[in-house]
Number of protein chains: 2
Amino acid sequence: MTAAPKITLETSVKCGECPIRHRAVCASCTSDELGELEKIKSYRTFPAGTPIMWRGDELVYVASVVRGVATLTKALEDGRTQMVGLLLPSDFIGRPGRTTLDFDVTAVSDVTLCCFERRAFEELVVHTPHVSQRLMEIALDELDAARDWMLLLGRKTAREKIATFLDMLIRRQNMQGLDGAVLDLALPLTREEIANYLGLTLETVSRQLSQLKAQNVIRFLDRKRFEVVDLQALHMATGDDSDGGMIS
Amino acid sequence: MTAAPKITLETSVKCGECPIRHRAVCASCTSDELGELEKIKSYRTFPAGTPIMWRGDELVYVASVVRGVATLTKALEDGRTQMVGLLLPSDFIGRPGRTTLDFDVTAVSDVTLCCFERRAFEELVVHTPHVSQRLMEIALDELDAARDWMLLLGRKTAREKIATFLDMLIRRQNMQGLDGAVLDLALPLTREEIANYLGLTLETVSRQLSQLKAQNVIRFLDRKRFEVVDLQALHMATGDDSDGGMIS
DNA sequence: CGCTTCCTTGAGTAAATTCAAGACTTGTGG
DNA sequence: CCACAAGTCTTGAATTTACTCAAGGAAGCG
C-alpha cells in the first residue's frame with residue numbers, strides 16, 4: 001500500500017530568481033511581460049514515479065519544468081511503450097491551440113513545474129510576441145530533435161543508440177568534455193526507461209552499458225551517476241561521425 | 001548520360017484558383033493577405049528523382065508543395081538512410097528563423113512548389129498573424145506526426161509498420177473506406193524509399209507487401225497503384241487497435 | 001533484516017537482415 | 001516491333017542482431 005501521490009502547491013519563486021529564467025518559454029520576456037506571467041503562474045511538485053498528465057486529458061495547465069526530469073511516452077494497446085520526449089529543466093509542456101495531450105507525461109524524479117492556466121496563458125500569448133516567438137522556437141527545436149531521434153530509432157544499432165543517448169545527456173547537461181573525459185553525469189532513467197527511449201529491451205541496454213564499461217569508455221559511480229572516460233570513443237560509437245568528432 | 005536536371009520556372013496560378021488554397025500555409029489568409037503573398041511567390045517544378053534542397057544549404061526559399069511528392073531524409077556517414085518526412089500537396093518546406101536545412105529534400109515524383117523568397121516571407125509573417133498562426137499549427141502537426149512515427153520506428157513489427165504506412169496513405173489522400181474497401185490509391189514511393197521511411201530493408205518491405213497481398217488485404221493494380229480489399233484487416237495489422245477500428 | 005525493485009548475465013529463439021539469383025517493367029535504339 | 005539494358009521487385013537461404021525467458025545478485029527502503 002502506498003500513500004496517494006501528493007501534488008504539492010509550492011510558493012513560487014520570483015521570476016527574476018528562477019533557475020530557468022534565461023532558457024524557458026519566458027527567456028526573451030521584458031520585466032513587464034514577466035510581471036504578467038507572474039500573475040498567472042503557480043509552482044507544483046510531483047513525486048518521482050507519479051503521472052503528471054494522461055493522454056487524452058484536457059489540458060488545464062501548460063508548464064515549464066523548473067527542477068527534475070519528466071518523460072513523454074506513447075504506448076500501443078498491448079503495452080509496448082515508446083518514449084517520445086525527455087523533459088529537463090526549462091523544457092515546456094503543452095501547446096497553444098491544443099486542448100488535449102497525445103501522450104502521457106510522467107515524473108521520473110521529483111519534478112517541480114511552473115504552471116500557467118492554459119486559457120489565461122493563451123490570451124497572454126496573443127499580445128506577447130516574445131512569448132509566441134519563443135514557443136515557435138521551442139516547437140521547432142523539438143521537431144529537429146524528434147527527427148534526429150527518428151534516424152536513431154530507424155537505423156542505429158543498439159550500441160550506437162546507447163552511445164548517442166549518453167552523448168545527448170552530456171550535451172543537455174552542459175557538461176563539456178575538454179580533455180577527453182566528462183565527470184559526474186546524472187543518468188536519470190532506469191534501464192527500462194532508457195530501453196523505452198531507444199526502442200530496445202532493458203536487457204539489451206544493460207548489456208551495451210556493460211560493454212562500454214568493459215571497454216573503458218564509461219565508468220559508473222553508482223547506478224544513477226556515471227563518468228565518460230573516453231569521450232572520443234563514445235563519439236565514434238554514436239555512428240554519426242567516422243572520426244569521433246576530432247578537429248581535423 | 002542524362003540531361004542536366006531542369007528546374008522550371010512556371011507561370012504561377014492565381015492564389016484564388018490554387019488547388020491547395022484551403023490547406024496550405026495561406027489557408028486562413030484574407031484576400032488582402034493573399035495579395036501580399038502573391039507578390040513574392042513563384043512556381044518552380046523539379047523532375048522526379050532530383051534534389052530540391054541539400055542538408056546544410058542556406059535556405060533561400062520557403063515553399064508549399066502544390067503538386068507531386070517529396071521526401072525529407074537524413075543519413076549516417078556510412079549511407080544508412082532514414083526518411084523523416086513525406087511531403088504531399090499543401091505541405092510546407094522551411095521554417096521561420098532557420099537559415100539552414102538539417103535534412104535533404106528530394107522530389108520523388110515531378111514536384112511543383114509555390115516558393116517564397118525566405119527573407120521577404122519572414123518580414124511578411126511579422127505583420128500577418130494568420131500566416132504565423134498557421135505556421136505554428138503546421139509545426140505542431142508535424143511534431144505530432146513525428147512522435148507517432150517514433151512509436152512506429154521504435155516498437156512496431158515489420159508487418160505493423162507496413163500496415164500503418166498504407167493506412168497513413170489512405171488518410172492523407174483522403175480516401176475514405178466506406179464499405180471496408182478503398183479503391184485506387186497511389187503508392188508514390190519505391191520499395192527502397194518505403195524501407196527508408198519505415199526503418200526496414202527493401203526486401204522486408206517486399207515480403208510484407210506480398211504477404212498482405214496473399215492474405216487478400218490489399219491488391220496491386222500496378223507497381224504504383226493499389227487497392228485495399230479488407231480495410232478492417234489492415235487496421236488490425238497496424239497494431240494501434242485491437243479491434244480494427246470497429247464502432248463498438 | 002527482509003522485501004521489493006532494479007540490474008546483470010547466460011542460453012536459446014525469433015525477427016529481420018544480408019547475400020544471392022532470377023523475374024518483371026520500362027524505356028531506348030536498332 | 002523487337003531486343004536489350006537498366007532499374008526495380010520478388011523470393012530463397014543463411015546469418016546476425018536483438019529479443020525472450022530465466023536465474024541470481026545488488027541496491028534501496030521500511
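By convention in this document, chain letters (A, B, ...) are assigned in the order of the sequence lines, proteins followed by strands, and residues within each chain are numbered from 1. Keep in mind the model is a prediction, meaning the values are calculated, not measured.
With hydrogens and angles ignored, the 3.5 Å screen pairs no side-chain donor or acceptor of A:Asp144 with any backbone N or O of A:Asp141. Using modelled atom types, no side-chain atom of B:Ser90 and backbone atom of B:Ile20 make a donor-acceptor pair closer than 3.5 Å. In terms of modelled atom types and a separation under 3.5 Å, the side chain of B:Thr81 and the main chain of B:Gly79 share a donor-acceptor contact.
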Donor-acceptor pairs are to be reported for all side-chain atoms of residues 157-169 of chain A against protein atoms at under 3.5 Å, with residues two or more places apart or in another chain.
from, atom 1, to, atom 2, distance (Å)
A:Thr157, OG1, A:Glu160, N, 3.2
A:Thr157, OG1, A:Glu160, OE1, 3.4
A:Arg159, NH1, A:Gln215, OE1, 2.8
A:Arg159, NH2, A:Gln215, OE1, 3.0
A:Glu160, OE1, A:Thr157, N, 2.9
A:Glu160, OE1, B:Arg80, NH1, 2.8
A:Glu160, OE1, B:Arg80, NH2, 3.4
A:Glu160, OE2, B:Arg80, NH2, 2.8
A:Lys161, NZ, A:Leu198, O, 3.0
A:Thr164, OG1, A:Lys156, NZ, 3.0
A:Thr164, OG1, A:Glu160, O, 2.6
A:Thr164, OG1, A:Thr238, O, 3.4
A:Asp167, OD1, A:His235, NE2, 3.0

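Counting only heavy atoms from C-beta outward, the side chains of B:Val228 and B:Arg219 never approach each other to under 4.5 Å. Contact of the B:Leu231 side chain with the B:Val217 side chain is not registered, since no non-hydrogen atoms from C-beta on lie closer than 4.5 Å.
B:Ser210 comes within 4.0 angstrom of sugar-phosphate atoms only, judged by non-hydrogen atoms across all strands, and of no base.
The pair B:Glu142-B:Arg95 meets the salt-bridge criterion, since a charged nitrogen lies less than 4.0 angstrom from a carboxylate oxygen. One finds no salt bridge joining B:Asp102 and A:Arg147 here, because no Lys/Arg side-chain nitrogen approaches an Asp/Glu carboxylate oxygen to under 4.0 Å. Between B:Asp104 and B:Lys74 there is no salt bridge, since no side-chain nitrogen of the basic residue lies less than 4.0 Å from a carboxylate oxygen of the acidic one.
For A:Glu58, the salt bridge (charged side-chain N to carboxylate O under 4.0 Å, His left out) test picks out A:Arg118, with sequence neighbours left out.
Only B:Thr190, B:Arg191, listed by number, bring a heavy atom of residues 187-196 of chain B to less than 4.0 angstrom from any atom of DNA chain D.
Geometrically, A:Arg67 does not engage A:Tyr43 in a cation-pi contact, judged by NZ or CZ lying under 6.0 Å from the ring centre and within 45° of the ring axis.
Here the CG atom belonging to A:Leu221 is positioned 9.0 Å from the CG atom belonging to A:Leu185, to the nearest 0.5 angstrom.
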**OP:** Give the B/S/- string for nucleotides 17-30 of chain D, one per nucleotide from 5' to 3', where a protein heavy atom under 4.0 Å of the base yields B, of only the sugar-phosphate yields S, and otherwise -.
**Re:** -SSBB-----S---
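Rounded to 10 degrees, the angle separating the terminal axes of the helix from C:dC1-D:dG30 to C:dG30-D:dC1 is 40°, with each axis obtained from five end pairs.
First and last contacting nucleotides of DNA chain C toward chain B (any atom under 4.0 angstrom from a heavy atom, 5' to 3' order): C:dA16 to C:dT25.
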